[in-house]
Amino acid sequence: KLLSAAHPQCAGPKGRKSWSISRFSGKCTEERLANAKPTVDTPKTVLQVSQLRLPELVEECSANGKLLVVMCLATYALEQSNYARLLVEKVHADLHKRFRATSESSPVKFVSIELTEFGGFAERYGIKEAPYCLMFHGGHIVHSKRLRGMRLLPKDAGVSQPRVLLIEPLPQHQLKLERSLRRSGCSWDLAMDAPQAVRLASRQVAYDAVLLSGR
């Protein structure tokens, strides 16, 4: 709505019959983009990156003197991860607005990663639960802690909403099973393999059923 109000629909080129994209393409250049100023405050999303890019980002932020904030999210803690993502995006937007007013670049860079992308990442950084926050400055970890205060299911929610532990490594099967569980009114945690399932089952969460992959 803000963008629509600030940028109403243009009348378009005259002589539409002779209009071609070659006549109007190439008008946007890197110089124009660099000098363009936003007219409205748009939402700032936190970029999700691969775990493999983390060392590169740590080195880049260290060279620029920036604080790198890494949000470690997981599909097996979807509700908590989504809530954490909203909080981080709000902080990101507030910082962007504050430093844009002073014409200075933000000293903080926010990214998020998916813990289930590769095995071994959680063990390397001592991550046992999601969502988890890692902060790097000067090439070293300066903060490592699980985000508290996330909205969790009440203890008696299992009476009306069964809790299922889903163990399935294939994404295409995950989507089908998760869709069936959602339609059945169930909540679930997703594990990619047996070790991850053991970690989930060792938490203080009672499961009403366990679904195992047929492979």
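These numbers come from the heavy atoms of this one structure, side chains and all, not from hydrogens, waters or symmetry mates.
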| said: Let's go through Y207 and V164 carefully: what are the C-alpha distance in whole Å and the side-chain angles of both, what is the deciding distance for side-chain contact (heavy atoms from CB on, under 4.5 Å) to 0.1 Å, and is it a yes or a no? | reply: CA-CA 5 Å; Y207 291 104; V164 177; 5.7 Å; no
| Audit row: I113, L73, side-chain contact (heavy atoms from CB on, under 4.5 Å) steps and yes/no | CA-CA 6 Å; I113 61 171; L73 311 177; over 6 Å; no
| said: Go through it in stages, so that I can follow the logic: the residues are L47 and V49, the test is side-chain contact (heavy atoms from CB on, under 4.5 Å), and I'd like the CA-CA distance, side-chain angles, deciding distance and then a yes or no. | reply: CA-CA 6 Å; L47 179 66; V49 299; 3.8 Å; yes
| request: Before giving the answer on side-chain contact (heavy atoms from CB on, under 4.5 Å), spell out for V111 and L68 the whole-Å C-alpha distance, their side-chain angles and the decisive distance to 0.1 Å. | output: CA-CA 8 Å; V111 296; L68 176 63; 4.0 Å; yes
| query | Is there a side-chain hydrogen bond (donor to acceptor under 3.5 Å, both in side chains) between S81 and Y76 once you walk through the steps? | reply | CA-CA 9 Å; S81 295; Y76 58 79; over 6 Å; no
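Taken together through direct or relayed side-chain contacts under 4.5 Å among Ile, Leu, Val, Met, Phe, Trp and Tyr, L78 and L190 form parts of separate hydrophobic clusters. In this structure, L175 is not a member of the same hydrophobic cluster as L177, with clusters built from ILVMFWY side-chain heavy atoms closer than 4.5 Å. L212 and L165 end up in the same hydrophobic cluster when Ile, Leu, Val, Met, Phe, Trp and Tyr side chains are linked at under 4.5 Å.
Contact check for L134 versus H143: no side-chain heavy atoms found under the 4.5 Å cut-off. Within the 4.5 Å cutoff, side-chain heavy atoms of E60 are placed close to those of L57. In this structure, M135 and V70 have side chains that are not in contact, with every pair of non-hydrogen atoms separated by 4.5 Å or more. Under the 4.5 Å side-chain criterion, counting only non-hydrogen atoms from C-beta, M71 is in contact with C133. Within the 4.5 Å cutoff, the side chain of V69 has heavy atoms near those of the L67 side chain. Looking at heavy atoms from C-beta onward, L87 lies out of side-chain contact with L147 at the 4.5 angstrom threshold. Between V88 and S112 the shortest side-chain heavy-atom distance does not fall below 4.5 Å. Using a 4.5 Å heavy-atom threshold, the side chains of C61 and N64 count as separate.
When the ring pair (Phe, Tyr, Trp, His ring centres under 6.0 Å) test is applied to F110, the partners found at least two apart in sequence or on another chain are H92. Considering only residues two or more places apart in sequence or on other chains, F121 meets the ring pair (Phe, Tyr, Trp, His ring centres under 6.0 Å) condition with Y125.
When atom types are taken as modelled, the side chain of D208 and the backbone of R163 share a donor-acceptor pair closer than 3.5 angstrom. Of the possible donor and acceptor atoms, one in the side chain of Q174 sits under 3.5 Å from a partner among the backbone N and O of E168.
Remark: D94 does not engage R98 in a salt bridge, criterion side-chain N to carboxylate O under 4.0 Å.
The distance from the CD atom of Q196 to the CG atom of L115 is 8.5 Å, given to the nearest 0.5 Å. One finds the CD atom of E178 at 7.5 Å from the CG atom of L181 (value rounded to the nearest 0.5 Å). Atom OG of residue S144 and atom CD1 of residue I127 lie 6.5 Å apart, to the nearest 0.5 angstrom. Here the CD-CG distance, from E129 to L200, works out to 10.0 Å after rounding to the nearest 0.5 Å.
Taking each heavy atom of A74 and A130 in turn, the nearest pair found is CB-CB, 3.8 Å.
Judged as a salt bridge (Lys or Arg N to Asp or Glu O under 4.0 Å), the pairs with a partner in residues 108-125 (not counting sequence neighbours) are, in order, E123-R199.
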